[in-house]
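Worksheet: the structure to be examined is printed underneath.
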Amino acid sequence: MKNVQIILAGIGGQGILFSSRLIAEWGLRSGLDIMGSETHGMSQRGGSVTAHLKLGSFRSPVIREETADILYSFEENETYKSLKFIKSGGICFANLENENRFDRKVLDLLEQKEITFRTFDASGTALKIGSVMSANIILIGYSVGTGLVPFEYDDLKTVLESITKKAHLETNLKAFEIGYKAGRG
Amino acid sequence: MAAKSKTQEETRILLGNAAIGRGIVEAGCHVMTSYPGTPSSEILPAVVAFKKELGLDTYIEWSANEKVAFDNALAASMSGKRAAVAMKQVGLNVASDSLMSSAYTGVIGGLVIISCDDPGPHSSQTEQDSRFFGMFAKVPVYDPSTPQEAKEMVKEAFELSETFQIPVILRPSIRISHARQNVKLTPVEKLDRPADFEKDPARWAATPRYRLVLHRRLNETLKQIQERFEKDTRWNYLVEDGDGSSLGIITCSMSFAALMDILEESDLKGIVDVLKIGTPYPLPQRRVADFTREHEKVLVIEETDTVIESQIIDKSNVLGRLTGHVPQEGELLPSVIHNILADFLRENGAAHLEKISDTGLADRIDELELPIRRPTLCPGCPERAAFYAIRKALPKAIYTSDIGCYTLGINLQAVDTVLDMGAGITLASGFYQAYHQDGNDIPIVATMGDSTFYHSGTSSLLSAVYNNARFILVILDNEITAMTGMQPTPGLGVTADGGEGKKVPIEGLIRGCGVTWIRTIDSYEVEELIELLKEAREYTLDPDGGIAVIVARHPCLIQYPEARREISIRVEVTEDCNGCRYCIDYFECPALRLIEEEERIEIDRKYCIDCGVCINVCPRGAIVEAVD
């Protein structure tokens with residue numbers, strides 16, 4: 001498999017680091033080298049959290065602007081701020097309640113760069129299944145369902161099972177499944 | 001004799017700091033000490049985790065400050081054991097007295113100092129480059145470019161330290177400390193080294209006359225180490241695909257990693273030759289001189305300052321920070337290195353690399369004026385309550401503060417100065433004397449956290465007491481070192497690996513410094529705290545008075561969720577709110593949100609933890625306990 005660069009962006013408490021770990025473990029098990037980094041603001045809660053993840057042959061843990069293949073964004077403002085990292089032809093999966101509210105001009109500019117912009121109301125879905133903390137897993141499940149990412153359903157599910165704490169296992173698998181089905185459309 | 005245990009080789013995704021911790025353990029290190037500080041804080045906990053996992057008997061301690069940590073590690077080394085001490089870059093300022101002297105007296109067992117740099121800076125008061133401390137103290141420095149390399153360098157640093165009887169610095173930059181990589185674990189070395197300090201007063205207690213001898217010996221040692229670094233190809237090497245270009249780049253650490261990715265991704269391999277340096281001090285001078293001679297132009301890209309560049313003897317064809325080709329401050333993010341490289345290639349007619357510049361997308365996103373999330377104290381944070389009370393009680397005071405979460409009291413306009421660890425007290429004392437000399441006894445309120453007080457509060461406080469200074473000191477005691485990730489303080493009586501330590505209560509220390517006016521209060525009791533502050537002010541003006549110390553105590557709610565109100569106080573905003581912003585400007589709780597269109601405040605239930613402290617705040621009394 002070729003190199004993949006992924007950015008996960010959101011705010012504290014959205015499970016960014018867990019999501020990053022999920023994909024990193026998948027990479028490790030797929031025989032890829034892992035390089036990544038995390039930046040969090042000084043505040044304990046509610047501050048910006050960004051994880052950079054590079055799978056394959058890399059040296060630097062930080063992704064440069066216009067080179068990321070995939071952006072997962074879990075919060076609207078963080079989505080705007082992180083779009084600059086996506087390369088032409090890349091993909092963004094954004095947790096968004098309402099795509100119509102997203103800035104029209106930004107969408108046009110993404111189209112010019114042939115960036116695929118897929119939105120899904122992962123937070124709303126998470127609320128419906130009674131687990132607001134699962135929006136991250138729902139959005140990742142959704143991306144797998146679209147078939148636009150390099151992770152296969154079974155492989156990622158296996159990793160999810162092995163890194164989730166027992167108490168959250170049922171919820172996480174359910175979230176993954178719901179997201180996946182929505183992604184398949 | 002060293003014996004290798006037979007654990008299986010394994011690969012694990014590790015944080016850079018955990019990889020460093022693993023290196024410490026693999027090297028058979030006996031003693032590890034540290035004082036927490038971003039970006040170094042995760043090293044010691046990683047050593048604790050590996051110790052427990054592998055059933056080792058490593059001695060590990062959170063020391064009261066970096067100098068204490070350094071000296072404890074040094075004594076272990078003087079006893080023949082291997083010792084490591086970890087800190088952030090400004091921590092090395094605190095430990096620098098010991099560092100400078102120990103370079104002369106040297107070590108017996110390997111002593112590795114890990115000083116984590118913070119270009120940016122992300123979470124520090126300076127962007128200082130720890131490698132310069134290596135030069136200043138005359139001790140060798142290793143500079144890793146990946147977590148894996150950091151782990152291996154730690155092990156070699158122990159060996160180098162023992163071979164040459166000299167302390168050795170490992171300087172990871174923040175991006176290495178906080179990177180994650182799949183790291184190959186290797187077996188742990190088991191070194192049987194019972195403590196055996198050999199008395200040698202001419203060395204360990206050297207008088208100035210012998211210090212000259214030691215200095216001469218140190219200079220000779222450095223020459224030998226430089227020779228070893230000249231021959232080293234593990235950390236210092238030419239990148240193989242350089243194919244005799246007329247342009248060269250000398251680089252190191254994170255900058256090297258970023259540069260290599262850019263060359264690879266932009267199909268520019270072979271356009272420039274790259275010399276990677278992993279031992280910036282003492283610099284392998286001949287290797288560098290050969291490289292600069294063989295190239296028409298050589299660019300030096302290093303973080304954070306000019307350690308390699310400054311040491312290059314013939315700089316006639318060398319570009320870098322000193323020539324303005326590399327920014328003099330700020331982090332060398334990959335995008336910055338990309339643009340430095342693009343300019344270098346263009347100016348020398350080598351290749352075209354499109355610069356990363358403001359694109360239409362960036363411009364449009366700027367136009368959206370997205371809210372900036374500034375760091376703020378957590379909802380329900382007891383320090384917020386204390387700061388509010390301080391400002392309310394003594395609005396005209398000078399507020400000297402210190403390093404910790406509570407630096408964010410600046411948002412509540414209750415912090416005027418933040419210099420370094422301990423300066424909350426020393427600046428208060430200095431301001432008092434400067435004004436008092438003119439017959440002007442102004443109100444001064446110093447704030448300092450518990451961990452900072454243990455770190456460097458006592459010498460400042462006793463000196464102020466002794467010299468008749470008058471001010472109020474509020475110790476914000478949340479019973480943990482919160483900012484850096486919840487490390488225990490001496491007040492807790494818990495050691496670094498969870499064992500039982502002896503509690504050292506703060507009040508006893510304050511009394512010991514000669515203070516007689518000491519009051520302890522729960523930070524949540526805002527009204528009482530305001531009254532207490534006014535009393536304290538009276539005491540500082542009383543002819544028989546002096547320094548007044550209030551210990552405002554309430555546990556950090558992140559570490560101790562049980563410290564929330566037993567009976568929650570759910571608040572609501574009444575019709576009396578007119579959106580005056582007073583609570584936003586002077587209380588700044590994330591749960592208070594201004595609805596601008598409606599000119600009123602709303603409670604954001606996502607954040608509110610029902611502490612009810614804001615009831616004290618509204619001048620119109622519009623924040624009240626909800627009636628259900």
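Being a predicted model, the structure only gives us computed values, none of them experimental. Letters A, B, ... are given to chains in the order of the sequence lines, protein chains preceding strands, and every chain is numbered from 1.
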Roughly how far, to the nearest 0.5 Å, is CD of Gln181(B) from NZ of Lys54(A)? 11.5 Å
Under 3.5 Å, side chain of Asp261(B) to main-chain N/O of Arg59(A), donor-acceptor pair present? yes
If one checks every heavy atom of Glu25(A) against chain B at 4.5 Å, the contacting part turns out to be both
Testing Glu66(A), Arg64(A), Glu65(A) for side-chain hydrogen bond (donor to acceptor under 3.5 Å, both in side chains) with His338(B), which one passes? Arg64(A)
In terms of heavy-atom pairs under 4.5 Å, which option from Val106(A), Asp108(A), Asp103(A) contacts chain B the most? Asp103(A)
Counting heavy-atom pairs under 4.5 Å with chain A, the top scorer among Thr146(B), Ile262(B), Leu333(B) is Ile262(B)
Hey, does the side chain of Asn182(B) reach the backbone of Asp33(A) with a donor-acceptor pair shorter than 3.5 angstrom? no
Report, by ascending residue number, the residues of residues 75-95 of chain A in heavy-atom contact with chain B at a distance under 4.5 Å; give 'none' if the set is empty. Glu75(A), Asn77(A), Glu78(A), Tyr80(A), Lys81(A), Leu83(A), Lys84(A)
Contacting moiety of Ser253(B), where chain A heavy atoms sit under 4.5 Å: neither
Quick check on the interface: out of Gly36(A), Ser37(A), Ser20(A), Ser57(A), who has the most heavy-atom pairs with chain B under 4.5 Å? Gly36(A)
With rounding to the nearest 0.5 Å, note down the distance linking CZ in Phe58(A) to CD in Glu264(B). 8.5 Å
List in chain and number order the residues that pass ring pair (Phe, Tyr, Trp, His ring centres under 6.0 Å) with Tyr142(A), two or more places apart in sequence or in another chain; answer none if no residue qualifies. Phe120(A)
For Ile34(A), is it the side chain, the backbone, both, or neither that has a heavy atom closer than 4.5 Å to a heavy atom of chain B? both
Just checking Arg12(B): does its CZ atom have more than 12 heavy atoms from other residues, nucleotides or ligands closer to it than 6.0 angstrom? yes
Honestly, the part of Leu368(B) sitting under 4.5 Å from a heavy atom of chain A is side chain
